[in-house]
Amino acid sequence: MKIAVCVKYIPVLTQIKFDYERKTIVREGAPSEISPFDVLGLVRAVEMKDGAGDEVVVISMGPPNTREGLLECLALGADRAMLLTDRALAGSDTLATARALALVLDREKPDLIICGRNSMDAETGQVGPEIAELMGIPHVSNARKLERRPGGGIRAERVVDEGYQVIESPLPALVCATEGIAPEMYAGPEELEAAQEKPFEELSCADLQADVSQLGAEGSPTCVQDIRLVEPARLGVVIGEESPAEAAAKVAEMLRDRLAELDAAGGDGGSQSGSARFPGQRERSIWVAAEMAQGGLRQVTREMLGKARELASFTKSEAAALVLGLANDGLARELAAWGADRVIFVDGPGVGPACSAGTAGAVAAAIEADMPYTVLFASTADGRDLASRVAARLGLGLTGDAIDLEVDAEGRLVQLKPALGGNVVAPILSKTLPNLVTLRPGLLTPVGPDPAATAEIQVVEAPEFAGSDITVVEEHVQEDLGAVELTQAQVVLGAGMGIGGPENLPEIRRLAESMGATLATSRNVVHAGWLPHHIQVGISGRTIAPKVYVAVGLRGAFNHTVGIQKAGVILAINRNKRAAIFKAADFGIVGDWQECLPPLVEALKPVVADLA
């Protein structure tokens, strides 16, 4: 088996500095590394080698210094490396990057392609599925387990928002690796020295006979306006001398005052008032790809419909909901109540799981036939996969993981995407229509529902899909533990590694429940197996916007704090007075959580009683 692993060489995010006065990113002196998810995929690829005929080739696109990162990959066990480096590739967005890498992969013809689930700098998770679509092969994203099947093909566990799926796929296929797929490994001096002798090839666009008009900035269907630096705005008040009871009382009083300030500044933020509707106005319509969960319509669908209604007030058009599956009058009425003027049901033999190639083809055909102005997808496991494959199939720009949308003075849709750990917001414009965007759950406001609203129902028949595709053989919904309501919770308690161990979780849960807080956690806790992925907050988890977030034993790494930037007030307890979490918090207490949290919870109860 030949396995190709696509990797990205990125700056170490914690080493990047930001000059907020000059509004610039200071990269000088920041070391670089292979994106961590890519390393996990590489380690798993090496583990899967099963004989002398098996080969792992690592591929990257980037400037000449990317060679250093590829040598590390060779030291970790890759057999040879390929670097695609060319000035013509500068300014590539995800689709232009996918096109370039697909050219290299077409030349190599691997049986299996492995990518990381997303790069840690851009955090889109689009390149892998876009490569798969361009190459006409199936893909499995968010894979935490990956094995060869005895009869051929692969079997993987795919993490989804409410549990996991067991997926089988024929080869060739592409897999995007996430935590758990392999152990973290680091190359030693001897391995790095031996890597110097392994085959290393540099390629240019000319070597691939590439059409450079489809690559680089020229071939990118999206472009970035001037970036916006997100200057830290937390109060950073830290209490370290008072007793736990005194500290708790002081923090509770400061929280009460801070919440009053925020309410006076921004209102309750619970829901938008209704806006004018334009039923039947299909030109420049705004579509929302609706998602369902075990409990019914996902909250993020309501949020996206609220944003669609807001955008429709600019475009003077309808808002439409796109649904996979059989027409359902009850669902259509619910979607109408939350803002849809039309509900489009896409069904037929080609429609399967949302992450499948067949489904992407069916949705792309529906979009191409109607040509809306914008299609909004959720930044969920399914939403990201579907949007990425649709974008690649139609050659459209896609902004991933946006936190909001604006309409500029020229009437263009500005898509606001965070990057570099949330320290930067990149306003992105699409050069193509429809605009395609995935939106983070929990950050937008639905309209107030109108039970009397009605929607036109349209059924689109999808053709049968003739290509190879994935098969979902098992679906597992894991114990909720607050996962579904986490993105809607007003009070959240985040538990980190600093709580000591899983034996302390019952007490953490009891304290959280006593003040009406929903439980959340960090990547390291999930990786240790203490709590499930579905309540993980951060880059590889959920983004939340509670009014109050209580961080307990969390060190404050950027990959967690990026997920709580929209929280109203952040409180923190940590024994280490130098912990990064205190810089990311409004109010902090230095001390042992077992001594400080119980009195803090008691002091907070009357303050958060009306929130929880």
Side-chain angles (χ1 to χ4, degrees), residues 20 230-272 403 422 442-443 445 485-496 498 508 511-520 537 543-556 560-593 595-612:
Y20 295 104
V230 182
E231 191 166 359
R234 297 296 170 182
L235 301 180
V237 177
V238 181
I239 301 169
E241 302 299 328
E242 289 86 344
S243 70
E246 291 170 337
K250 183 176 287 189
V251 167
E253 188 58 34
M254 290 190 292
L255 174 62
R256 189 189 304 275
D257 293 343
R258 184 60 176 157
L259 287 173
E261 291 175 7
L262 294 175
D263 282 345
D268 64 11
S271 64
Q272 299 182 46
I403 56 175
L443 299 183
T445 305
E485 66 265 27
L486 182 57
T487 55
Q488 305 170 51
Q490 296 302 301
V491 183
V492 174
L493 189 151
I508 290 288
L511 290 168
E513 290 170 1
S514 72
M515 67 171 175
T518 300
L519 193 63
V537 169
T543 297
I544 58 175
K547 290 195 172 179
V548 178
Y549 184 79
V550 184
V552 182
L554 285 156
R555 61 190 176 92
H560 177 74
T561 57
V562 69
I564 57 172
Q565 286 182 336
K566 291 290 185 177
V569 184
I570 298 175
L571 314 179
I573 296 176
N574 199 293
R575 296 179 64 176
N576 180 4
K577 64 181 181 181
R578 296 184 178 85
I581 191 64
F582 290 128
K583 294 181 180 179
D586 295 285
F587 310 113
I589 298 174
V590 179
D592 189 306
W593 75 268
E595 297 176 3
C596 297
L597 184 57
L600 179 62
V601 167
E602 288 303 313
L604 293 182
K605 282 180 182 178
V607 182
V608 302
D610 295 333
L611 303 179

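Please read these numbers as outputs of a predicted model, since none were measured by experiment. Here, residue 1 is the first one in the sequence, and each next residue gets the next number.
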Contact check, side chains of [X] and [Y], non-hydrogen atoms, under 4.5 Å:
X: Leu443; Y: Thr543; value: yes
X: Leu493; Y: Val552; value: yes
X: Ile239; Y: Phe587; value: no
X: Asn576; Y: Arg555; value: no
X: Ile589; Y: Val238; value: no
X: Ile570; Y: Arg234; value: yes
X: Cys596; Y: Ile573; value: yes
X: Val251; Y: Val237; value: no

If you apply the rule side-chain contact (heavy atoms from CB on, under 4.5 Å), what do you find for Val608 with Leu255, and how did you get there?
CA-CA 9 Å; Val608 302; Leu255 174 62; 4.3 Å; yes
Within 6.0 angstrom of Lys605 NZ, more than 12 heavy atoms from elsewhere
yes
Neighbour count above 12 (heavy atom, 6.0 Å) for Arg258 CZ
yes
Working note: Val607 + Leu259, criterion side-chain contact (heavy atoms from CB on, under 4.5 Å); need CA distance, chi angles, decisive distance, verdict.
CA-CA 9 Å; Val607 182; Leu259 287 173; 4.1 Å; yes
Determine the minimum heavy-atom distance between [X] and [Y], stating which atoms define it.
X: Gly240; Y: Val590; result: CA-CB, 4.1 Å
X: Pro546; Y: Gln490; result: CB-O, 3.5 Å
X: Ala584; Y: Thr561; result: CB-CG2, 4.0 Å
X: Ala495; Y: Ile508; result: CB-CG2, 4.2 Å
X: Gly553; Y: Asn574; result: C-ND2, 4.1 Å
X: Ala247; Y: Glu242; result: N-CB, 3.9 Å

Calculate, to the nearest 0.5 Å, the distance between atoms [atom1] and [atom2] belonging to [X] and [Y] respectively.
X: Lys583; Y: Ile581; atom1: NZ; atom2: CD1; result: 12.0 Å
X: Ile403; Y: Lys566; atom1: CD1; atom2: NZ; result: 4.5 Å
X: Leu611; Y: Lys547; atom1: CG; atom2: NZ; result: 6.0 Å
X: Glu595; Y: Leu600; atom1: CD; atom2: CG; result: 13.5 Å
X: Arg256; Y: Glu261; atom1: CZ; atom2: CD; result: 13.5 Å

Between Val569, Asp586, Ile564, which is the residue that forms a side-chain contact (heavy atoms from CB on, under 4.5 Å) with Tyr549?
Ile564
Test salt bridge (charged side-chain N to carboxylate O under 4.0 Å, His left out) applied to Lys250 and Glu253, step by step
CA-CA 5 Å; Lys250 183 176 287 189; Glu253 188 58 34; over 6 Å; no
Closer than 3.5 angstrom, by distance alone: can the side chain of His560 be matched with the main-chain N or O of Leu554 as a donor-acceptor pair?
no
